[in-house]
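Every chain is numbered from 1, with letters handed out A, B, ... down the list of sequences.
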Amino acid sequence: MIWHRDSNRREMPWKGEKDPYRIWLSEIILQQTRVEQGWGYYERFLKKFPDVRKLARASDQAVLKCWEGLGYYTRCRNLIHTARHLAFDRQGVFPNTYEEILQLKGVGPYTAAAIASFAFDLPHAVVDGNVFRVLARYHGIRTPIDKPEGKKQFTALAQRSLDLSQPGNYNQALMDFGATVCKPQAPACTMCPLRSTCVAYRDKTIETLPVKSPAKSKRIRWFYYLLPTWNGKIPVRQRTGRDVWTGLWEPPLLESAKPLSFKMLRQKMDQVFPAHWPATQKGFEWLTHKQVLSHQTIHGCFVECRLGRRPDWSTDFQWVNHRQLSRLPFPKMILDHWKHSPSNR
DNA sequence: TATGCGTGGTA
DNA sequence: TTACCAAGCAT
């Protein structure tokens, strides 16, 4: 705590904030996200949606567009849901107990403890990646942190360690400490005020803690996006289901587990998206991108051409011009394609 | 309860 | 290039 007081705090736009709306917003943005990455998003959200009623009244589309590029889009859909719940069912009043906060969609044990302690000075310890790491090293605990037993053990330990006289401050300090001193790689043990009593430092096991189960290998997918322009417009539809990028928009898509030859692709195009496609490969522009996600690798092949007639596909598709397109949220890979594609104006 | 969900930085 | 990780959560 003295370490934290003495100029080791990381300044951030939401630090010291007492407005539960702002704290909630910042914590949702920061889930599994680096502070530097979330910073700009937080400021843009606050500018566009200064209070929970503004956010609740906005269209799904406008909010998702604001979230575009940040990833884990379920967070954004839950943010919208909870904003409307707060504004319309609770007259804009944020719940002020840990249990009630935990009930909010998109709010789990970490976020509930963060809001409870920062906004309401309630004695709940946060347990995030930083806290897992600091506690595992300091106490030399080898229980895997990504299993129920580990979560239980570390949560109990964090709660016991909490400074009840200043829970918010303590939570901030522990996370800052983990982010700047007790780092995942190359921790600054020589600068660490706790090294004389740190079990992992004594046992030289810093690099092996915390214990995590090994990552699974990534699934590989091939996405063939069809980009026909007709009358200056292209067809797009919103992704549904429980797959990646749900809620974002995309052009007609043919998916394959393996790369397709042009001949195979052309066959599928005629089956799934019948149209007056060009007869040969020369009628198409063909560009590929690769995006590595945390759990899968997606190869995006963008196949562009001009059509003389508008095809009669599912009504899910909207044919939109550039201006309409710019208001819709898209996955980064598609945005990158349009940014770099020579045919895009 | 094991698994899936994005993107970007770093070694 | 690849692996790891980041203020986690829902299902």
Side-chain angles (χ1 to χ4, degrees), chain A residues 10 12-15 17 23-42 64 67-79 81-82 101-118 124-134 144-152 154-155 158 168 171-180 182-187 207-208 210 212-219 221 239 241-248 289-298 300 329-336:
Chain A
R10 300 196 291 170
M12 303 168 200
W14 47 84
K15 279 276 182 80
E17 183 59 62
I23 295 170
W24 165 66
L25 175 63
S26 71
E27 292 301 340
I28 301 299
I29 287 175
L30 290 170
Q31 287 169 4
Q32 291 288 281
T33 302
R34 288 165 190 277
V35 166
E36 309 80 58
Q37 195 189 354
W39 192 304
Y41 282 87
Y42 175 76
L64 261 174
W67 194 275
E68 180 182 72
L70 192 53
Y72 285 151
Y73 297 94
T74 301
R75 289 183 295 170
C76 186
R77 298 197 305 277
N78 287 335
L79 185 81
H81 175 97
T82 295
I101 297 167
L102 187 58
Q103 294 304 309
L104 302 175
K105 213 165 209 170
V107 173
Y110 162 76
T111 306
I115 298 172
S117 64
F118 298 154
H124 294 272
V126 296
V127 186
D128 73 333
N130 293 303
V131 176
F132 276 121
R133 190 169 58 252
V134 172
I145 63 170
D146 53 359
K147 302 226 163 111
E149 187 196 343
K151 292 208 197 303
K152 215 172 142 186
F154 283 99
T155 300
N171 282 336
Q172 293 276 16
L174 195 53
M175 289 194 286
D176 283 350
F177 178 73
T180 58
C182 199
K183 298 181 286 186
Q185 281 117 12
E207 305 292 342
T208 73
K212 248 183 178 177
S213 31
K216 292 186 55 179
S217 63
K218 292 190 200 313
R219 174 160 72 130
R221 306 168 79 177
R239 281 180 73 86
R242 277 184 297 219
D243 202 352
V244 73
W245 298 327
T246 299
L248 303 194
H289 301 248
K290 185 171 117 173
Q291 172 142 25
V292 179
L293 314 186
S294 52
H295 47 288
Q296 55 186 310
T297 300
I298 297 179
F330 288 92
K332 177 193 180 296
M333 189 168 62
I334 297 178
L335 293 171
D336 280 353

Test ring pair (Phe, Tyr, Trp, His ring centres under 6.0 Å) applied to A/Tyr42 - qualifying residues, sequence neighbours left out
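Applying ring pair (Phe, Tyr, Trp, His ring centres under 6.0 Å) to A/Tyr42 gives A/Trp14.
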Among all residues two or more places apart in sequence or in another chain, which pass the ring pair (Phe, Tyr, Trp, His ring centres under 6.0 Å) test with A/Phe154?
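A/Phe154: ring pair (Phe, Tyr, Trp, His ring centres under 6.0 Å) contacts with A/Phe132.
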Reported CG-to-OH distance for the pair A/Leu293 and A/Tyr72, which is rounded to 0.5 angstrom:
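That separation rounds to 9.0 Å.
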Checking all strands, does [X] fall into the base, sugar-phosphate, or nothing category for heavy-atom contacts under 4.0 angstrom?
{"X": "A/Ser26", "value": "nothing"}
{"X": "A/Met333", "value": "nothing"}
{"X": "A/Asn171", "value": "nothing"}
{"X": "A/Glu36", "value": "nothing"}
{"X": "A/Ile29", "value": "nothing"}
{"X": "A/Lys15", "value": "base"}
{"X": "A/Trp67", "value": "nothing"}

So for atom CD, which belongs to A/Glu36, do other residues, nucleotides or ligands contribute more than 12 heavy atoms lying within a distance under 6.0 Å?
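More than 12 heavy atoms, drawn from other residues, nucleotides or ligands, come within 6.0 Å of this atom.
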Please examine the side chains of A/Thr111 and A/Gln31, heavy atoms only from C-beta on, and report whether any two atoms are closer than 4.5 Å.
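A/Gln31 vs A/Thr111: side chains touch.
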Report all interatomic pairs (protein N or O, nucleotide N or O of nucleotides 3-5 of chain C) with separations under 3.5 Å.
{"residue": "C/dC5", "atom": "O2", "partner": "A/Arg34", "partner atom": "NH2", "Å": "3.1"}

Nearest-Å distance, [atom1] ([X]) to [atom2] ([N])?
{"X": "A/Arg75", "N": "C/dC9", "atom1": "CZ", "atom2": "P", "result": "11 Å"}
{"X": "A/Leu104", "N": "C/dC9", "atom1": "CG", "atom2": "C1'", "result": "13 Å"}
{"X": "A/Trp245", "N": "B/dT7", "atom1": "CH2", "atom2": "P", "result": "6 Å"}
{"X": "A/Arg242", "N": "C/dT11", "atom1": "CZ", "atom2": "C1'", "result": "7 Å"}
{"X": "A/His295", "N": "B/dT3", "atom1": "NE2", "atom2": "P", "result": "14 Å"}
{"X": "A/Tyr72", "N": "B/dG4", "atom1": "OH", "atom2": "P", "result": "12 Å"}
{"X": "A/Tyr110", "N": "C/dG8", "atom1": "OH", "atom2": "P", "result": "6 Å"}
{"X": "A/Arg219", "N": "B/dC5", "atom1": "CZ", "atom2": "C1'", "result": "12 Å"}

Spacing of the C1' atoms in B/dG9 and C/dC9 (rounded, Å):
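Comparing C1' positions in C/dC9 and B/dG9 gives a spacing of 23 Å.
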Which of residues 125-132 of chain A have a heavy atom under 4.0 Å from DNA chain C?
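Here the set is A/Asp128, A/Gly129, A/Asn130.
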Under the salt bridge (charged side-chain N to carboxylate O under 4.0 Å, His left out) test, which residues partner A/Glu17, sequence neighbours left out?
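With sequence neighbours excluded, A/Glu17 shows a salt bridge (charged side-chain N to carboxylate O under 4.0 Å, His left out) to A/Arg22, given in chain and number order.
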Apply salt bridge (charged side-chain N to carboxylate O under 4.0 Å, His left out) to A/Lys105 and list each qualifying residue two or more places apart in sequence or on a separate chain.
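A/Lys105: no salt bridge (charged side-chain N to carboxylate O under 4.0 Å, His left out) contacts found.
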